[in-house]
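For reference, the structure is listed below as structure tokens.
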Amino acid sequence: MRGVTGAFHELDTTVAAIEDLKKKRLGDVTVYSPTIRHELDHAIDAPVSVVRRFTLVGGLLGVSFGYWIAIWSSNYWPLVVGGKAFASWIPYTIIGFEVMVLVGALSTVAGMFINSRIPRLTTTTGYDARFSGGYFGIFIACDAAKADQAEALLRQHGAAEVRREA
């Protein structure tokens with residue numbers, strides 16, 4: 001993936017550069033940070049994660065399976081209950097709830113792995129080991145025509161280093 005990478009010392013200049021890049025729409029912006037900073041979250045203004053949909057679907061499937069397995073086992077191995085129904089929803093709610101929590105949690109973890117693309121089979125373009133230390137990094141995925149503009153903008157905001165990725 002082609003683009004431009006900029007390394008920044010300060011958080012404020014990084015946030016200002018991200019906001020300018022978003023306004024000019026030069027390309028997709030990827031931000032690397034040594035720590036979680038809410039200023040970067042606000043500057044990126046990323047859409048809401050879809051992981052909660054994985055949780056919802058997993059929870060609904062789990063509660064359905066929990067009720068189904070309890071009712072199936074009651075009908076398959078019936079107990080004499082004095083003329084009452086084999087399947088009663090009140091005691092099976094506990095089983096349904098527990099399976100809902102289990103499958104919902106497992107689907108949440110699976111959704112996080114899927115959305116963060118773990119394991120990553122290819123190397124990340126634009127990443128530098130300094131971004132895990134004290135530097136903030138910005139990678140702009142753009143073609144050669146917009147790369148000059150992106151380089152100039154990163155230098156204007158005080159990037160410690162700007163380089164093109166091929």
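In terms of heavy-atom proximity, F136 sits nearest to R37 at CE2-CG, 4.3 Å. Across all their heavy atoms, L154 and T5 have their closest contact at CD1-C, 4.2 Å. Scanning all heavy atoms of the two residues, the minimum distance from G58 to V103 falls at O-CG1, 3.2 Å. Across all their heavy atoms, G133 and P34 have their closest contact at O-CB, 2.7 Å.
You'll find the side chain of V99 stays beyond 4.5 Å of the side chain of V63, heavy atoms only. Under the 4.5 Å side-chain criterion, counting only non-hydrogen atoms from C-beta, F65 is not in contact with M100. At a threshold of 4.5 Å between non-hydrogen side-chain atoms, the residues D20 and H157 count as touching. In this structure, F131 and S33 have side chains that are not in contact, with every pair of non-hydrogen atoms separated by 4.5 Å or more. Under the 4.5 Å side-chain criterion, counting only non-hydrogen atoms from C-beta, I18 is in contact with V31. Taking the side chain as every heavy atom from C-beta outward, T30 and I138 never approach each other to under 4.5 Å. At least one side-chain heavy atom of L40 sits less than 4.5 Å from a side-chain heavy atom of L11. Counting only heavy atoms from C-beta outward, the side chains of T14 and E39 never approach each other to under 4.5 Å.
By the rule that hydrophobic residues join a cluster once side-chain heavy atoms approach within less than 4.5 Å of another member, Y135 and V162 end up as members of separate clusters. Placement of V57 and V50 in two distinct hydrophobic clusters is found when ILVMFWY residues are connected by side-chain heavy-atom separations under 4.5 Å, directly or transitively. Grouping the Ile, Leu, Val, Met, Phe, Trp and Tyr side chains by contacts below 4.5 angstrom, directly or via other members, places V15 with I140. Cluster annotation: F54 and L61 are assigned to distinct hydrophobic clusters (Ile/Leu/Val/Met/Phe/Trp/Tyr, side-chain heavy-atom contacts under 4.5 Å, transitive). Hydrophobic clustering (ILVMFWY, side-chain heavy atoms < 4.5 Å, transitive): I94 and Y92 are in distinct clusters.
Checked against the 6.0 Å centroid threshold, Y32 and F139 do not count as a close aromatic pair.
Of the possible donor and acceptor atoms, none in the side chain of T13 sits under 3.5 Å from a partner among the backbone N and O of H9. Side-chain atoms of T55 never come within 3.5 Å of backbone atoms of T108 as a donor-acceptor pair (strictly under, hydrogens ignored). Of the possible donor and acceptor atoms, none in the side chain of K146 sits under 3.5 Å from a partner among the backbone N and O of G27.
Within 6.0 Å of CZ in R163 there are more than 12 heavy atoms belonging to other residues, nucleotides or ligands. When the shell of 6.0 Å around NZ of K24 is examined, it contains 12 or fewer heavy atoms from other residues, nucleotides or ligands. Counted within 6.0 Å of CG on L60, heavy atoms from surrounding residues, nucleotides or ligands total more than 12; the atom is thus considered enclosed. Annotation: F97, atom CZ; neighbour count of heavy atoms from other residues, nucleotides and ligands within 6.0 Å does not exceed 12. Around CZ of R164, the count of heavy atoms belonging to other residues, nucleotides or ligands within 6.0 Å exceeds 12. Other residues, nucleotides and ligands place no more than 12 heavy atoms under 6.0 Å from the CH2 atom of W89. By the 6.0 Å contact criterion, CD1 on I36 is open, its count of non-hydrogen atoms from other residues, nucleotides or ligands being 12 or less. For D28, the CG atom counts as loosely surrounded, since its 6.0 Å shell holds 12 or fewer non-hydrogen atoms of other residues, nucleotides or ligands.
Ring planes of Y76 and W72: parallel class, angle under 30° (limits at 30 and 60°).
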Open item on the list: Go through it in stages, so that I can follow the logic: the residues are K23 and E19, the test is salt bridge (charged side-chain N to carboxylate O under 4.0 Å, His left out), and I'd like the CA-CA distance, side-chain angles, deciding distance and then a yes or no.
Closed with: CA-CA 6 Å; K23 286 178 189 172; E19 289 171 352; 5.8 Å; no
Open item on the list: Set out, in order, the CA-CA distance, both residues' side-chain angles and the distance that settles salt bridge (charged side-chain N to carboxylate O under 4.0 Å, His left out) for E161 and R130, then state yes or no.
Closed with: CA-CA 11 Å; E161 180 187 344; R130 294 179 296 175; 2.6 Å; yes
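Residue L106 holds its CG atom at 5.0 Å from CG of L102, rounded to the nearest 0.5 Å.
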